[in-house]
Amino acid sequence: MTRHLLRDDDLTSAEQREVLELAATLKADRFARRPLEGPRAVAVIFDKPTLRTQLSFTVGIAELGGQPVVVDGNLAKIGVRESVPDVARVIGRQVAAIVWRTFEQARLEEMAAHVEVPVVNALTDDYHPCQVLADLFTVAERTGGFASSGPALAGRSFAYVGDGANNMAHSYLLGGALAGMDVRIGAPDGYLPRTDVLERATAIAATTGGSVLVATDPREAVAGASAVATDTWVSMGQEGQSAEREAPFVPYQLNAELLAHAAPSAVVLHCLPAYRGKEITAEVIDGPASVVWDEAENRLHVQKALLAWLLERA
Ligand code: CP
């Protein structure tokens, strides 16, 4: 059966480890795997703005021997000009895989239901699993390395502060729990993670030795953490609400005072783009704990690994 990555827990814990280990191989030797040799095409579709995701997927597909075909969602108007199933039937016959950044998770699920090639979530309103794979890889690389047993993530604590209801928070919960990490979300009331995601992450953590904590006190979330992440307070599609979305998040700004509650060796992550002076200070994102540029580069390596892994099973 064709495998997809529509949300983080489409991979098991062991499979997540395999992808991260393959990413380490591909970071050491960028041309070690060429599953798209031909070249075979991969459709990379964007219904929302992007820099990193378009760059890393197009470069990565080329390095895997393939041909990226970027589809502008504003031109394709998927679901408006024609239905998602009709688009799926057209694209699915011509490419080896489909990468899609879109709005509702249901659109991605509908695409996957109508193709026989892997579909990868390049960000939806609900999840951003490729980013979280890159973040986990970065934490492993910077804190414990890649032991023979896999990336050294299990038992480490990962804190995220800010909008606990957004796609990054949901993916950190699922992806971090799969990695056996202690995942803490620090978010204000009204912006807490979705209950079903929290329950799913808690159930996963029970099988991996990880744990899940949601706190409205950002210092409680960050206390002793090995890694601390944040994200914009205004996600894509929420631009019209930027005024009212600022005040609740001010106490959750990732600044030097908050970071001082983390472990002394803690690393700082941000999926970017970042808004200095809003969710993170310049002092922190441009400071010695920040690993955001490695994190952005690692999108390339983990997505290549993910595509190679999925294509081996297609
Ligand atoms: N982090 C991230 O997904 O970046 P882009 O929105 O620029 O693709």
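Whatever order the structure lists ligands and atoms in, that order sets their numbers, starting from 1.
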Pairing of Glu312 and Arg33 as salt bridge, 4.0 angstrom limit: yes
What do you reckon, does Lys48 put a non-hydrogen atom under 4.0 Å from ligand 1? no
If I apply the N/O under 3.5 Å rule, does Gln54 come out as touching ligand 1? no
Write out the residue and atom name of the closest protein heavy atom to atom 4 (O) of ligand 1, then the distance separating them to 0.1 Å. Arg52 NE, 2.9 Å
Is it true that Asp10 and Arg7 make a salt bridge, defined as a side-chain N closer than 4.0 Å to a carboxylate O? no
Give the numbers and elements of all ligand 1 atoms closer than 4.0 Å to a heavy atom of Arg299. 1 (N), 2 (C), 3 (O)
Give me the nearest non-hydrogen protein atom to atom 6 (O) of ligand 1 as residue plus atom name, then the distance to 0.1 Å. Arg101 NH1, 2.8 Å
Leu51 N/O to ligand 1 N/O under 3.5 Å: yes
Is it true that Arg313 and Glu18 make a salt bridge, defined as a side-chain N closer than 4.0 Å to a carboxylate O? yes
Kindly determine whether Asp8 and Arg200 satisfy salt bridge (charged side-chain N to carboxylate O under 4.0 Å, His left out), including the steps that lead there. CA-CA 11 Å; Asp8 307 75; Arg200 175 72 180 133; over 6 Å; no
Summary of ring-ring contact (aromatic ring centres under 6.0 Å, His included) pairs that have at least one residue in residues 277-314, sequence neighbours excluded: none
For ligand 1, is there an atom lying under 4.0 Å from some heavy atom of Leu272? yes
For residues 111-119, which side-chain donor-acceptor pairs fall under 3.5 Å, sequence neighbours excluded?
residue, atom, partner, partner atom, Å
His114, ND1, Glu110, O, 2.9

Identify the protein heavy atom lying closest to atom 1 (N) of ligand 1, giving its residue, its atom name and the separation to 0.1 Å. Cys271 O, 2.8 Å
